[in-house]
Amino acid sequence: MQSVDHTRDWLLSQARPLQTIETVSLLDAAGRVLATDVVATLDVPPHDNSAMDGYAVRAADAANLLPVSQRIPAGSQPPPLAAVSAARIFTGAPIPAAADAVVMQEQAELQDDGSVRFTAPVSAGQNIRRRGEDIACGQVVLTAGRRLGDADIGLAASIGVAALPVRRSLRVAVFFTGDELVEPGQPLAAGKIYNSNRYWLVPALRRLGCQVLDLGIVPDSLEATRAALREAAASADVVMTCGGVSVGEEDHVKAAVEAEGELQLWKIAIKPGKPLVSGRVGEADFIGLPGNPVSGFVTYAVLVRDFLRARMGEAVQGWPQVRLLPAAFEWNKPDAKREEFLRVRLIEQDGQLAVSRYPNQGSGVLTSCAWADALVRLQPGQRVAPGDMVAVYPL
């Protein structure tokens, strides 16, 4: 069995970033992966401006009673400040030439004759946002490979960019094997189970930004599985399945991949999990998740999700940042050969953050995944006593 770290590194090394680039408007770019660097062609802010409502002055004149010589709203272009005077100024408005400070209005007393007196010392530079303080012309503000968040879109708008070059969406075809599977809403005959894997995997892929081709349930036969693989690979960048990846007589996915393409990876030293098929079918990558719902969910979260992100052209930097937190549970039945990923929830205990585990860690107990907000990673043979520091990864 391959180690979790080796498998993850290998999968990321095999991820071929999409090469097709499309330009989309800013309002359509959130969640997409940026294809090229975005470079500022102007300074932000484009001029020195006031950080608050108040009065623009020369600091050297501020001890005097000063006449108010002009009013400067945001968006205007003021003349230079008259000698020994103050200018009424508003947040974001340009600083007039010859002024070197802004006094907040709460520290100003307006006199009956319209002049103003300041009630606190004034120093040069105070309450002024300098030109280029946020972004300098020529600066790379967004780097290629970044998944664009809401603030990124606003940042692009702040330098006048109206559209962004992004990688096209990753096309992922999915199907689910097992004659025992029934779709929710249908009667559940004896020996059947509802297809829960479809209903966590498809939304997870869509949330990642993938275009999903859902082929539904495929019968448990080698011929049907091969036909589904060919159909999926003809139209998708990545083909994913749940189930049929073990070595039973009714598990046909591994044999179908070997017949239609190339099998590159199989057994992983992970619990829940272990049977994970990776390979190629035609030009498409193939990922076969285990059929047990928790095994599939955890394997996707730990190994597959970041492979898909890298396939989309996103820059994936190793493991998510781990937190070391005290365990509020005991674990005394470790697996001697496989790393374990326990479903846990962050709690407050004795005034500090700790983690509690779901009582039933079975690979068919999907309730544990719905309940959890994180995973605890245990090394082979690792036991846990209450208070032990454990490695926690957010879900």
Rounded to the nearest 0.5 Å, how far apart are CE of Met52 and CZ of Arg129? 8.0 Å
For the pair Glu260 and Arg226, find out whether any cationic side-chain nitrogen is under 4.0 Å from an anionic carboxylate oxygen. yes
Salt bridge present between Arg131 and Asp48 (N-O < 4.0 angstrom): no
Without swapping roles, check the side chain of Thr119 against the backbone of Gln107 for a donor-acceptor pair under 3.5 Å. yes
Within 6.0 angstrom of Glu283 CD, more than 12 heavy atoms from elsewhere: no
May I ask whether Met312 and Leu11 are part of the same hydrophobic cluster, defined by side-chain heavy atoms of I, L, V, M, F, W, Y residues being less than 4.5 angstrom apart, directly or through others? yes
Qualifying residues under side chain to side chain donor-acceptor pair (under 3.5 Å), relative to Gln70, sequence neighbours excluded: none
Cut-off 3.5 Å, no hydrogens considered: what does the side-chain donor-acceptor table look like for residues 81-94, sequence neighbours left out?
| residue | atom | partner | partner atom | Å |
| --- | --- | --- | --- | --- |
| Ser85 | OG | Ser69 | OG | 2.9 |
| Ser85 | OG | Ala82 | O | 2.8 |
| Arg88 | NH1 | Gly54 | O | 3.1 |
| Arg88 | NH1 | Gln105 | OE1 | 3.3 |
| Arg88 | NH2 | Gln105 | OE1 | 2.9 |
| Thr91 | OG1 | Asp53 | N | 3.1 |
| Thr91 | OG1 | Asp53 | OD1 | 3.0 |

In the single-linkage hydrophobic clustering (I, L, V, M, F, W, Y; side-chain heavy atoms under 4.5 Å), do Phe297 and Tyr300 co-cluster? yes
In a table with atom names and distances, give each donor-acceptor pair under 3.5 Å that connects a side chain of residues 339-348 to protein atoms at least two apart or in another chain.
| residue | atom | partner | partner atom | Å |
| --- | --- | --- | --- | --- |
| Glu339 | OE1 | Arg377 | NE | 2.5 |
| Glu339 | OE1 | Arg377 | NH2 | 3.1 |
| Glu339 | OE2 | Arg377 | NH2 | 3.2 |
| Glu340 | OE2 | Trp331 | NE1 | 3.3 |
| Glu340 | OE2 | Asp335 | N | 3.0 |
| Arg343 | NE | Ser368 | OG | 3.2 |
| Arg343 | NH1 | Phe341 | O | 2.7 |
| Arg343 | NH1 | Gln361 | OE1 | 3.0 |
| Arg343 | NH2 | Gln361 | O | 2.8 |
| Arg343 | NH2 | Gln361 | OE1 | 3.3 |
| Arg345 | NE | Trp371 | O | 3.1 |
| Arg345 | NH2 | Trp371 | O | 2.9 |

Quick one: CZ on Arg147 to CG on Leu34, what's the gap to the nearest 0.5 Å? 12.0 Å
What do you reckon, is CZ of Arg168 surrounded by more than 12 foreign heavy atoms closer than 6.0 Å? yes
Basic-acidic side-chain contact under 4.0 Å: Glu22, Arg32: yes
Under 3.5 Å, side-chain donor or acceptor atoms of residues 383-394 against the rest of the protein: list the pairs with distances, not counting sequence neighbours.
| residue | atom | partner | partner atom | Å |
| --- | --- | --- | --- | --- |
| Arg383 | NH1 | Asn332 | O | 2.6 |
| Asp388 | OD2 | Ala385 | N | 2.8 |

Considering all heavy atoms of both residues, which atom of Leu205 and which atom of Met240 are nearest to each other, and what is their separation? CD2-SD, 4.0 Å
More than 12 heavy atoms from other groups under 6.0 Å of CZ on Arg146: no
Measure from the side-chain N and O atoms of Arg280 to the backbone N and O of Glu262, and report whether any donor-acceptor pair falls under 3.5 Å. no
Looking at Pro272 and Val294, what are the two nearest heavy atoms and their distance? CG-CG1, 3.8 Å
Would a distance-only check, ignoring hydrogens and angles, find a side-chain to backbone donor-acceptor pair under 3.5 Å from Asp61 to Arg58? no
Can you list the steps and then say if Arg357 with Val376 is a side chain to side chain contact (heavy atoms under 4.5 Å, CB included)? CA-CA 9 Å; Arg357 74 170 174 88; Val376 159; over 6 Å; no
Are any non-hydrogen side-chain atoms of Arg171 and Ser235 less than 4.5 angstrom apart? no
Mark yes or no for whether Asp100, through its side chain, and Ala124, through its backbone, hold a donor-acceptor pair below 3.5 Å. no
Check the pair Phe286 / Leu263 against side chain to side chain contact (heavy atoms under 4.5 Å, CB included), numbers first and verdict last. CA-CA 9 Å; Phe286 176 81; Leu263 182 68; over 6 Å; no
Taking C-beta and beyond as the side chain, do Val277 and Ile287 meet within less than 4.5 Å on heavy atoms? no
Value rounded to 0.5 Å, distance of CD in Gln2 from OG in Ser278: 11.5 Å
Checking Glu180 against Tyr194: is there a side-chain donor and acceptor pair closer than 3.5 Å? no
Scanning both residues in full, the closest heavy-atom pair of Leu303 with Val4 reads CD2-O, 3.8 Å
Is there a path of hydrophobic side-chain contacts, each under 4.5 Å between heavy atoms, that joins Leu164 and Ile159? yes
Under the side chain to side chain contact (heavy atoms under 4.5 Å, CB included) rule, what do Leu18 and Leu170 come out as? Steps first, then yes or no, please. CA-CA 8 Å; Leu18 295 168; Leu170 187 71; 3.9 Å; yes
Partner residues of Gln111 under the side chain to side chain donor-acceptor pair (under 3.5 Å) criterion, sequence neighbours left out: none
For the CD atom on Gln186, are there more than 12 heavy atoms of other groups (residues, nucleotides or ligands in this structure) within a distance under 6.0 Å? yes
Less than 3.5 Å apart, any donor N or O on the side chain of Asp306 or Trp319 sitting next to an acceptor on the other? no
Does a side chain donor of either Ser115 or Asp113 reach within less than 3.5 Å of an acceptor in the other side chain? yes
When rounded to the nearest 0.5 Å, the distance separating CD1 of Ile21 from CZ of Arg167 is 5.5 Å
Here the pair of heavy atoms bringing Gln126 nearest to Pro121 is OE1-O, 4.0 Å
Do Ile135 and Val39 share a hydrophobic cluster (ILVMFWY, side-chain heavy atoms under 4.5 Å, transitive)? no
Less than 4.5 Å apart, any side-chain heavy atom of Val140 and any of Val38? no
Between side-chain atoms of residues 212-219 and protein atoms elsewhere (two or more places apart, or another chain), which donor-acceptor pairs fall under 3.5 Å?
| residue | atom | partner | partner atom | Å |
| --- | --- | --- | --- | --- |
| Asp214 | OD1 | Gly216 | N | 2.9 |
| Asp214 | OD2 | Arg198 | NE | 2.5 |
| Asp214 | OD2 | Arg198 | NH2 | 2.8 |

Distance (rounded to the nearest 0.5 Å) between Ser158 OG and Leu42 CG: 8.0 Å
What I'd like to find out is whether the side chain of Ile193 reaches to under 4.5 Å of the side chain of Val182, using heavy atoms alone. no
Derivation and outcome, side chain to side chain contact (heavy atoms under 4.5 Å, CB included), residues Asn49 and Ile128: CA-CA 6 Å; Asn49 70 89; Ile128 294 177; over 6 Å; no
Would the number of heavy atoms belonging to other residues, nucleotides or ligands and lying under 6.0 Å from CG of Leu188 be above 12? yes
Locate the shortest heavy-atom distance separating Pro293 from Asn197; write the atom from each residue and the value. CA-OD1, 3.3 Å
Where Ala136 and Ala40 come nearest, the two heavy atoms and their spacing: O-CB, 3.8 Å
Give the cluster check for Tyr55 versus Met104: same hydrophobic cluster or not, with ILVMFWY residues linked at side-chain heavy-atom distances below 4.5 Å. no
Nearest 0.5 Å, what's the NE2-OG1 distance between His252 and Thr225? 6.0 Å
Is Leu308 close to Val238 at the side-chain level, that is, under 4.5 Å between some pair of heavy atoms? yes
4.5 Å side-chain heavy-atom contact, Asp179 and Leu181: no
